[in-house]
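Structure first, then comments.
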Amino acid sequence: MKILVCISKAPDTTSRIAFTDNNTAFDQNGVQFIVNPYDEWYALVRALELKEAQGGSVTTITVGGADNDPIIRKALAIGADDAVRVDAEALDSLAVAKYIANYASANGYDLVMCGKETIDYNGAVVGGMVAELMDVPYVSLAIKLDVNGSVATLEREAQGGTEIVEASLPLVISASKGMAEQRIPNMRGIMAARTKPLQVVASEGINASTKVVRYELPPAKAAVKLVSADNVAELVDLLHNEAKVI
Amino acid sequence: MAILVFADNHGGKITKSSLEAVGYAAAMGGDVTAVTFGSIEGDGGMGNYGASKVIVAGNATSDPQQLTRLVVDVANAIGASDIVFSHDTTGKSVAPRVAARMDAGLVAGATAIPSGKEIKKNVFSGKAFAYVEACTDKRVISVLPNSFGLKASGGSATVEQYSGDCGSAGVIVKDFKPTSTDGSVPLPEAEMVVSAGRGMKGPENWGIIEDLAGVLGATTACSRPVADIGWRPHHEHVGQTGIAIRPNLYIAVGISGAIQHLAGVNGSKVIVVINTDPEAPFFKAADYGIVGDAFEVVPKLTEALKAFKSAH
Ligand SMILES: Cc1cc2nc3c(=O)[nH]c(=O)nc-3n(C[C@H](O)[C@H](O)[C@H](O)COP(=O)(O)OP(=O)(O)OC[C@H]3O[C@@H](n4cnc5c(N)ncnc54)[C@H](O)[C@@H]3O)c2cc1C
Ligand SMILES: Nc1ncnc2c1ncn2[C@@H]1O[C@H](COP(=O)(O)O)[C@@H](O)[C@H]1O
C-alpha cells in the first residue's frame, strides 16, 4: 500500500501568540515549531503501523518553504520512508490542497492521510479539498482506520456519537485523537533521517482563494471574582444575577 | 443576494448547529434557501430562523460526495453568492469539498457575520482571531457551533423536493454508536459543561461531578490526562487535542488550566474554577473562582443549586 501523509508545521502548543507588521503577520520571534500534533501523533503513526503490518511505503508531503525541513526530518526520524516538499508559500487551504492533490494524483497513492486540523489556522478543510480535487471519498475526523485489500473500515467522530463507515481505496482521511499512540523517535531513527530522501518539487504558482486581512488578540480578561468556599450560595447568586447563565 | 445553507439532520430532526447556520445566513441579509437530505417534517423549523425555502433531497444520504453534488447543483441553480455550513462534523466533511468543486474561497469556523468582506474566525486554537476575506466571487462559510445565538422569527418556509441526481455514495455508514447513553447533550452542542481533572484523584470520585452536572443539566468533560489514564472516556477530553467547546457555562474542577487545556475551552462565555491551589493558572482565565477542596465545595455547590432550582 502506498500512503501519503500530509505534514504541516505549527507553533509549539505553549507558544506566546503575538502579531507584527500592524497585526498582519504572526510574530515568529522565539517560537518553536513542531509537527502539527494531529499529523504526527495520529496520521503518521497509523500510516507506519499499516505499512509495518501490510508492507508498502509511507511518504510525507508538505507545502511550504525550506523552513519546514526540520519538521520534515522529524517525520522521517519517526519512520517515514521519504518526503516531498512542494516549494510554495502555504497561503491558503485551497491552494495547499491543489498542490497536494496534483502530486497525489500524478503519483498514484492508495491512501492520503491528513491531520484533523492545523492548530494554528484551525481550518479542518485541507483533506476534504484534496479528496474533492482527486474525486475520491473522504472520511474526516477518523479515530480508527483499518485496511483490508481495497476496502477501508473506519470509525469517525460524528454528531452525538461514533460512526462506523466503509469506503474503498483510493481514499483521503483526516486523523483525530485515538487513531494511534505518539511515537518518540530514537537515535537510530534520527541518524537515518539525515540521509532519507527529501525531494523538493518546484511550485506551479497557484493563486490563493482567501487571505487573512489582520489578526487580533482577545481582550484581556477581567480579574477572577473569588468566592469563599464557605459561601457557595454567593456563587449561585452571581451566576444567576450577574453572569445570567443559570 | 441568494444564500444557500446546507442543513444536517439526524433521523429527520434538523440539528441545532444547522439552525444556527440558517440564522447566520438570514443575518447576512439575503434570501435564504436551505437544503437537506432524507426526509424531514415540514420545513424542519428552518423558516422560523429565516429560511424562505427548503429543498429536500429524498434520494441523498449523509455521504459527503452525494451532498457535495446536491449543494453545488442547488447553489448554481439559485445563483447563490454564499454557501453556509455549520463547522460541525458533517460540515467539516462537505464544506471543503464544495469549496474545491466551486473553486470558491472557504472561511472555516466563522464566529461573526461578515462585516464588509471581512469574516472573523478563531485561530491559534482560540488564542487569537483572524479577519479573513475570500478573493473569489463565490464564498463558502462554515459557522462555529454555539457562536451565533438562535433568534426565532416565527416565519415558515416553502418546501420543495429535489429532483436532480446525487450520484452514488463513496462512504457507507455501517453503524452508529451514540456517546451519551444518559441522554445528555453532546459536548460540542452543550450550553453547560462540568469538567474535572487529575485533582479528582481517581475515577471512583466522579459521582460528585455527575451530581453537579445533573442538577445543572450539564454535560461532563475532562482534561486530557484523565482520559489518557482511562478514568474517563476519550470523547470527554476537551482541549487543544480534544474537543473544542464554547458553552455558556464551563465549570472546571481540579484542573490546573494548562495552555493546551485552555485552548479548547477559552471560548466559553463564563468560566468557573474550583481548585485547591490559588496559584493554579486556570484562575487567570476564569470569571469566578473558589479556592478550595473539590470534595467539600462541589457537593455544597450542588446543594445550593438544588435550592436555587426549586426556588425558581
Ligand atoms: C501537545 C500537547 C497537547 C495537549 N492537549 C491537551 C488537551 O487537549 N486537553 C488537556 O486537558 N490537556 C492537554 N495537554 C496536557 C496539559 O498540558 C496538562 O498536562 C493537562 O491539562 C493537565 O491536566 P489536569 O489539569 O487534569 O492535571 P494537573 O495539571 O495535575 O492538575 C490538577 C489540578 O487539580 C488541583 N487539585 C488537586 N487536588 C484538588 C482538590 N482536592 N480539589 C480541587 N482541586 C484539586 C491541583 O491544584 C491542580 O491544579 C496537552 C499537552 C501537550 C504537550
Ligand atoms: N502546508 C501544508 N502542507 C502539507 N499538509 C498540510 C498543510 N497544511 C495543512 N495540511 C494538512 O491538512 C490538515 C488540515 O489542515 P487545515 O485544513 O489547515 O486545518 C493538516 O492536519 C495537515 O495534515
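Labels below follow one simple rule: chain letters A, B, ... track the order of the sequence lines, proteins then strands, and each chain is numbered from 1.
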Give, as side chain, backbone, both or neither, the part of B:Ser142 having an atom under 4.5 angstrom from any heavy atom of chain A. neither
Would you give the length of the straight line joining atom CD of A:Glu155 to atom CG of B:Asp175, rounded to the nearest 0.5 angstrom? 9.0 Å
If every non-hydrogen atom of A:Val212 is compared with every non-hydrogen atom of B:Ala130, which pair is closest and at what distance? CG1-CB, 4.0 Å
With a cut-off of 6.0 Å (strictly less than), are more than 12 heavy atoms of other residues, nucleotides or ligands near NZ of B:Lys284? no
Mind checking whether B:Thr241 and A:Trp41 have side chains closer than 4.5 Å, heavy atoms only? yes
Answer with side chain, backbone, both or neither: which region of A:Thr162 has an atom nearer than 4.5 Å to a non-hydrogen atom of chain B? both
So which of B:Asp88, B:Val297, B:Leu106 has the largest heavy-atom pair count under 4.5 angstrom toward chain A? B:Leu106
Report yes or no: does A:Asn122 contribute a side-chain atom to a donor-acceptor pair with the main-chain N or O of B:Phe124 at less than 3.5 Å? yes
Crowded around A:Asp67 CG? As in, over 12 foreign heavy atoms under 6.0 Å? yes
What part of A:Val136 lies closer than 4.5 angstrom to a heavy atom of chain B: side chain, backbone, both or neither? backbone
Side-chain donor-acceptor pair under 3.5 Å between A:Thr13 and B:Gln240, yes or no? no
Taking CD in A:Glu242 as the centre, count heavy atoms belonging to other residues, nucleotides or ligands within less than 6.0 Å. Is the count above 12? yes
B:Lys121 side chain to A:Tyr121 backbone, donor-acceptor under 3.5 Å: yes
CD (A:Glu89) with more than 12 external heavy atoms under 6.0 Å: no
Side chain to side chain contact (heavy atoms under 4.5 Å, CB included) between B:Val270 and A:Lys244, intermediate numbers included: CA-CA 9 Å; B:Val270 174; A:Lys244 300 195 177 2; over 6 Å; no
Quick one: which of B:Glu189, B:Lys269, B:Lys120 has the most heavy-atom pairs under 4.5 Å with chain A, could you say? B:Glu189
How close do B:Glu133 and A:Val213 get, counting heavy atoms only, and between which atoms? OE2-CG2, 3.5 Å
Which atom of B:Ala128 lies closest to which atom of A:Pro218, heavy atoms considered: CA-CD, 4.0 Å
For B:Glu191, which atoms come within 4.5 Å of any heavy atom of chain A: side chain, backbone, both, or neither? neither
Heavy-atom contact with chain A under 4.5 Å, split by part of B:Pro188: neither
Of the listed B:Val173, B:Leu187, B:Thr136, B:Asp293, the one with the largest count of heavy-atom pairs under 4.5 Å with chain A is B:Val173
Backbone of B:Cys135 reached by a side-chain donor or acceptor of A:Ser209 within 3.5 Å: no
Contact leader toward chain B among A:Gly127, A:Ala131, A:Ala97, A:Gly178, where contacts are heavy-atom pairs under 4.5 Å: A:Ala131
Which atoms of B:Val171 come close to chain A, meaning under 4.5 Å heavy atom to heavy atom: side chain ones, backbone ones, both, or neither? both
Is it the side chain or the backbone of A:Ala208 that comes within 4.5 Å of chain B heavy atoms, both, or neither? backbone
Taking the six-membered ring of A:Tyr138, is NZ or CZ of B:Lys92 closer than 6.0 Å to its centre and within 45° of its axis? no
Contact check, side chains of A:Val232 and B:Glu303, non-hydrogen atoms, under 4.5 Å: no
Could you measure the distance from the OG1 atom of B:Thr90 to the CD atom of A:Glu163? Nearest 0.5 Å is fine. 7.0 Å
Over all atoms of both residues, closest heavy-atom pair of A:Gly123 and B:His87: O-CE1, 3.2 Å
Identify the heavy atoms of B:Pro186 and A:Gly160 that sit nearest to each other, and give their distance. CG-CA, 3.8 Å
If every non-hydrogen atom of B:Thr89 is compared with every non-hydrogen atom of A:Gln159, which pair is closest and at what distance? OG1-N, 3.2 Å
Report which part of B:Thr68 has an atom under 4.5 Å of a heavy atom belonging to chain A: side chain, backbone, both, or neither. side chain
Any side-chain heavy-atom pair of B:Leu301 and A:Val236 under 4.5 Å: yes
Can you say whether B:Lys117 sits under 4.5 Å from chain A via the side chain, the backbone, both, or neither, judging by heavy atoms? neither
Check whether B:Asp287 gets within reach of chain A through its side chain, its backbone, both or neither, counting any heavy atom under 4.5 Å. both
With the side chain counted from C-beta on, respond yes when B:His312 and A:Ile246 share a heavy-atom pair under 4.5 Å apart, and no when they do not. no
I'd like to know whether A:Leu217 forms a side chain to side chain contact (heavy atoms under 4.5 Å, CB included) with B:Lys127, so could you lay out the CA-CA distance, the side-chain angles of the two residues, the decisive distance to 0.1 Å, and finally the verdict. CA-CA 7 Å; A:Leu217 289 171; B:Lys127 286 175 242 171; over 6 Å; no
Verify, without hydrogens or angle tests, whether B:Ser125 (side chain) and A:Ile119 (backbone) share a donor-acceptor contact under 3.5 angstrom. yes
B:Ala285 versus chain A, the contacting section by heavy-atom distance below 4.5 Å: backbone
I need the residue from B:Gly289, B:Gly292, B:Gly105 with the largest number of non-hydrogen atom pairs under 4.5 Å to chain A. B:Gly289
Who among A:Leu141, A:Asn231, A:Ile164 has the most heavy-atom pairs with chain B under 4.5 Å? A:Ile164
At a heavy-atom separation under 4.5 Å, does B:Ile274 approach chain A through its side chain, its backbone, both, or neither? neither
State the CZ-CZ distance between B:Phe129 and A:Arg214, to the nearest 0.5 angstrom. 11.5 Å
Give the member of B:Arg139, B:Arg97, B:Lys177 that has the highest number of heavy-atom pairs under 4.5 Å with chain A. B:Arg97
Evaluate whether atom CG of A:Asn241 has more than 12 neighbouring non-hydrogen atoms of other residues, nucleotides or ligands under 6.0 angstrom away. yes
In terms of heavy-atom proximity below 4.5 Å to chain A, should B:Asp8 be classed as side chain, backbone, both, or neither? side chain
What part of B:Lys309 gets closer than 4.5 Å to chain A, counting heavy atoms only: side chain, backbone, both or neither? neither
Against chain A, label B:Ala104 side chain, backbone, both or neither, depending on which of its atoms sit under 4.5 Å from a heavy atom there. backbone
To the nearest 0.5 Å, how far apart are CG in A:Leu239 and OH in B:Tyr288? 6.5 Å
Side chain, backbone, both or neither: which part of A:Leu154 has a heavy atom under 4.5 Å from chain B? neither
Side-chain contact test, heavy atoms from C-beta onward, threshold under 4.5 Å: evaluate it for A:Pro137 versus B:Gln65 and give yes or no. yes
Select one option (side chain, backbone, both, neither) describing which atoms of A:Leu226 are under 4.5 Å from chain B's heavy atoms. both
If one checks every heavy atom of B:Val272 against chain A at 4.5 Å, the contacting part turns out to be side chain
Which answer fits A:Asp230, side chain, backbone, both or neither, if we ask what part of it has an atom under 4.5 Å from a heavy atom of chain B? both
For B:Ser93 and A:Ser140, test the side chains for any donor-to-acceptor distance below 3.5 angstrom and give the result as yes or no. yes
Under a 4.5 Å heavy-atom cut-off, does chain B meet the side chain of A:Lys221, its backbone, both or neither? side chain
